[in-house]
Protein chains: 2
Amino acid sequence: MLNRNPNLARLKAGYLFPEIARRRREFAAAHPEDPARPETRIISLGVGNTTEPILPHTCRGLTEGARGLGTAEGYSGYQDEGLPELRRRISAVFYRPLGRDAAADRDAENGLPGGTVRGEPFSAEEIFISDGAKCDIGRLQLLFGAGTRVAVQDPSYPVYVDGSVLIGAAGDWTEDAAAGRAGYGGITYLPCTAENGCFPDLSQLPEHSLFYFCSPNNPTGAAATEEQLTELVAAARKKGCLIVFDAAYAEYIRDPALPKTIYAIQGSRECAIEVKSFSKPAGFTGVRLGWTVVPRELTYAGGESVNADWGRVMGTIFNGASNIAQAGGLAALSPEGLTEVRRLCDFYLGNAALIRAALRKLGISRVGGDNSPYVWARFPGRDSWEVFAEILERCRVVTTPGAGFGPAGQSFIRFSAFGHRSDVEEACRRLALMDPASG
Amino acid sequence: MLNRNPNLARLKAGYLFPEIARRRREFAAAHPEDPARPETRIISLGVGNTTEPILPHTCRGLTEGARGLGTAEGYSGYQDEGLPELRRRISAVFYRPLGRDAAADRDAENGLPGGTVRGEPFSAEEIFISDGAKCDIGRLQLLFGAGTRVAVQDPSYPVYVDGSVLIGAAGDWTEDAAAGRAGYGGITYLPCTAENGCFPDLSQLPEHSLFYFCSPNNPTGAAATEEQLTELVAAARKKGCLIVFDAAYAEYIRDPALPKTIYAIQGSRECAIEVKSFSKPAGFTGVRLGWTVVPRELTYAGGESVNADWGRVMGTIFNGASNIAQAGGLAALSPEGLTEVRRLCDFYLGNAALIRAALRKLGISRVGGDNSPYVWARFPGRDSWEVFAEILERCRVVTTPGAGFGPAGQSFIRFSAFGHRSDVEEACRRLALMDPASG
């Protein structure tokens, strides 16, 4: 038979979230829920999966998109490159240039401010519709290939590293228990800690590297400031790096001073790709819709266009997002839809506020949750899988152990704000059952 | 900046279908359509894109799936691994084992016979729901990696080769105009010609290679017989090859003697992955839904499970097919839905019959179109891009030049049967305007 891709052998046991699901199943089998005792029910604040119904106007867009496929006028087949109307709408809502008094008229029109960019607005040809951010991140690796030098924030969303391993851009996994460090050879982990305000020391960013940067951050919940992003873009340009800016949670930003897109920073078009998604702002985790911006200005070292290559990669191994999802995306970006986006994000931010308050009461230090749906809690000196197990056993609440996001996540737990309100309230009550200082 | 993936530089100019679309646009710009003269309208028998509305029961499944997402009971988020109900239904409809008198009761239940397999039926864990065959084929390459030896039928669907180039499993493109040969180094092209009945000489299949085999074939329209597939499986087992069996057009098979799945052949579970799609049978090209069967029996040379790795790849760089598409897929596999599948395929097969008749009348030799939606027409001694241009100019009909599918497609044209009936009839009338013998 054929040989296994050696990169697959390099991947650590399981992708984080299936592993958590497995541990939850094991616990549930050993401790069955008793319907007569609601306190035995397991509540998940683990995976960042949306739980609330899609709001009416957006849902109508999806339903009408589906119904239309049954009619001669409404039928459509392959939409490889995405509906032009959706691409234009994304540009208008999220990438209106600064200086056009964009904020005022867009607020009025849309019910919420999107990001604003420096320079000209993006053309439809710079916006590629996809089936979601995770899938695009997996495909993006193909632009640079096996020899790429990769850098990530530590902790970070697992797909950046796992996708790099799959494409052969990483070496073997090594652990140094004594030093409390673990990671793949060839990947540069830039620690984001309480000490540096969750913003990495960019002097450690290797030259000519592909740098995955997520803001608002998953898992720390930290949203980078304009000053920090300016520093990031300057470092990337100086060092010849390309930033993959994951802005999947940008619609959770409520502080008007925080940029919602990397393109708000001068010079970013020459060094950044931005990946975005309808999953978290519109409840589309199961619907599957996102987009990636690849500015025309972006080139490789040899001068070739990254935008042209991305079109070629997408045309070769992708066949477009579902046209039903795209109809829903259009509805979500209408004025009514954008009001719904704001409402839905506000709901989950309300959950995050409850989680932060519960942790504060317990004296557990935490960041995030104000401009993001994740709260990042610190348990000094403890192993995060052990804390995960304790919270599951004592409180019957599923969380995500920080170590799953990288070496620097070791003594942290990520609480996801995605859940029904009553579940989050009940989980917060139960958290009082744990003893944060125990070990 | 970063270096470009050298594999991207190796890819020939454009993916075939965008290239055809570009030539069509150029022609249309130079020869504008005149609404007063219907004969100036361009008709496409080019890309295999479905044109007919989704039939009512299946469309209702999609619409209800979308509507349900707006309700607390019907909402769902990530469905990474696919709805268990859909996976079980696929197994029951397409992979019922031989010897259970499957044909009789399934016919009654479903309105159409699916494939039948040897051995036990597949479990849900062996069936992976995806957003379509092309996307899965792109991801499949990650199982084996850059060092893989790849073999394809020649001609073949471009993604097998282009995906292999992207992952680094191919060398440079070379052309030998004198010998009339062109192709990538490291890829073995197994000619499927009129002389060998479109079935390759398997003595040329390299040992331990990944062999992409498509039946009913795109582009030749040939459907392999049970004897041919038995020979294929025997060769793969003897040589330690893995077959990626692309059965995207299986529902177009009308000859009851022809197998609809590779698993009808004894021994195939140990050497074959099967890729399938709802696109062509249910009109889902824009909806995006497919599946891949990876039997538990499949192992690498080192004994590791291919099924486990596929789960890991899908969990890492994919996030599930749209749950709306999956609801539609379930409806399409109900008894009413399966009747619609048969009706829709019959419609396109009716188009294929018209195309075959028109070519016969012109004395052009052709294969396919009886158990597939493609007709493969031969223009001896001529360059296929030149014939493509002639048909576009004289008849204003877009086709696909055979050379786009591989070296052996050089003097062929693929006619797609996907189109409205009136367009296909008009295109067939116009074909009389061309002179097949000219050059």
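Looking at N5(B), L8(B), L2(B) one by one, the single match for side-chain contact (heavy atoms from CB on, under 4.5 Å) with L143(A) turns out to be L8(B).
There is no contact between I137(A) and chain B, counting heavy-atom distances below 4.5 Å. Looking at T50(A), both its backbone and its side chain come within 4.5 Å of chain B, counting heavy atoms on both sides. Contact of E270(A) with chain B is made through the backbone alone, with heavy-atom distances under 4.5 Å. Of the two parts of Q326(A), neither the backbone nor the side chain holds a non-hydrogen atom closer than 4.5 Å to a non-hydrogen atom of chain B. In this structure, chain B has a heavy atom under 4.5 Å from the backbone of S209(A), while its side chain stays farther away. Contacts between A321(B) and chain A at a heavy-atom distance below 4.5 Å involve the backbone alone (N, CA, C, O). In this structure, the portions of Y300(A) lying under 4.5 Å from any heavy atom of chain B include both its backbone and its side chain. Interface remark: L298(B) contributes side-chain atoms only to the contact with chain A (heavy atom separation under 4.5 Å). Only the side chain of D131(B) comes within contact range of chain A, with heavy atoms under 4.5 Å apart. Only the backbone of T51(B) has a heavy atom closer than 4.5 Å to any heavy atom of chain A. Using a 4.5 Å cut-off between heavy atoms, A236(A) makes no contact with chain B at all.
For the residue pair Y75(A) and F284(B), the shortest heavy atom distance occurs at OH-N, 4.5 Å. The nearest pair of heavy atoms linking N49(B) to G77(A) is OD1-CA, 3.3 Å.
With chain A as the partner, the residue from G328(B), G147(B), G283(B) showing the most heavy-atom pairs under 4.5 Å is G283(B). Looking only at heavy-atom pairs under 4.5 Å with chain A, the residue among G138(B), S76(B), G145(B) that has the most is G145(B). Between chain B and the options G240(A), C271(A), G65(A), A308(A), the largest number of non-hydrogen pairs under 4.5 Å is found for G240(A).
Remark: side-chain polar atoms of K134(B) are not paired, donor with acceptor, to backbone N or O of N319(A) under 3.5 angstrom.
Taken to the nearest 0.5 Å, the CG atom of D309(A) stands 8.5 Å off from the CG atom of L11(B).
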